[in-house]
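Take a look at the structure set out below.
In this chain, numbering begins with 1 at the start of the sequence shown.
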Amino acid sequence: AERWAVEIVEALRGQTGGSGQAGLMIAKIETKQPITLKAHDQIICKNLYINPSLSVERGDEMLVLQSGATFYILLKVVPI
């Protein structure tokens, strides 16, 4: 398995090491190329990981896992 996938599983299990901080949040895609996120009025442009098959557009809301200083874009969320 790819290392980023293993790290997601470890973070979800609470085995993040270091600070041990992990959490889920909703963030918006600020730019598509390169991908940047906006969460809590902050722009996130480093330490981002995304499944390459996930298609995103500017303004899409995403479920993001933060593990330490790393952000994993998990999936797109839409209102129903």
Side-chain angles (χ1 to χ4, degrees):
E2 293 186 40
R3 184 69 199 155
W4 70 269
V6 172
E7 289 175 2
I8 288 174
V9 172
E10 289 173 353
L12 288 171
R13 288 184 181 157
Q15 303 171 355
T16 57
S19 67
Q21 294 180 351
L24 294 171
M25 69 177 81
I26 302 294
K28 284 191 177 184
I29 299 292
E30 186 71 11
T31 61
K32 186 176 175 179
Q33 285 295 329
I35 291 179
T36 60
L37 296 173
K38 185 172 185 178
H40 308 294
D41 294 325
Q42 298 291 318
I43 300 298
I44 303 164
C45 59
K46 295 182 180 179
N47 302 320
L48 292 170
Y49 292 85
I50 189 170
N51 181 333
S53 67
L54 186 60
S55 176
V56 298
E57 297 294 330
R58 186 173 193 273
D60 285 350
E61 290 189 330
M62 311 302 291
L63 179 64
V64 177
L65 172 68
Q66 179 182 359
S67 177
T70 304
F71 298 85
Y72 299 95
I73 302 169
L74 301 177
L75 51 89
K76 182 177 175 177
V77 295
V78 295
I80 55 171

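Between the Gln66 side chain and the Gly68 main chain, a donor and an acceptor come within less than 3.5 Å of each other. The main-chain N or O of Thr31 is found under 3.5 Å from a side-chain atom of Thr36 such that the two form a donor-acceptor pair.
Nearest heavy-atom pair across Val56 and Ile29 is CB-CG1, 4.1 Å. Here the closest heavy-atom approach between residue Lys32 and residue Ile35 is recorded as O-CG1, 3.2 Å. The two residues Met25 and Phe71 make their nearest non-hydrogen contact at CE-CE2, 3.9 Å. Closest approach of Ile44 and Ala39 over heavy atoms only: CD1-CB, 4.1 Å. Closest heavy-atom contact between Asn47 and Tyr49: O-CD1, 3.9 Å.
Atom CE of residue Met62 and atom CG of residue Leu48 lie 11.0 Å apart, to the nearest 0.5 angstrom. Distance check, rounded to the nearest 0.5 Å: CG of Leu54 to CD1 of Ile73 gives 7.5 Å. Rounding to the nearest 0.5 Å gives a distance of 9.5 Å between CG of Leu74 and CD1 of Ile50.
Ile43 and Ile26 fall into different hydrophobic clusters, defined by Ile, Leu, Val, Met, Phe, Trp and Tyr side-chain heavy atoms under 4.5 Å apart, directly or through other members.
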Handout entry: Stepwise salt bridge (Lys or Arg N to Asp or Glu O under 4.0 Å) check, Arg58 with Glu30
Key = CA-CA 6 Å; Arg58 186 173 193 273; Glu30 186 71 11; 3.8 Å; yes
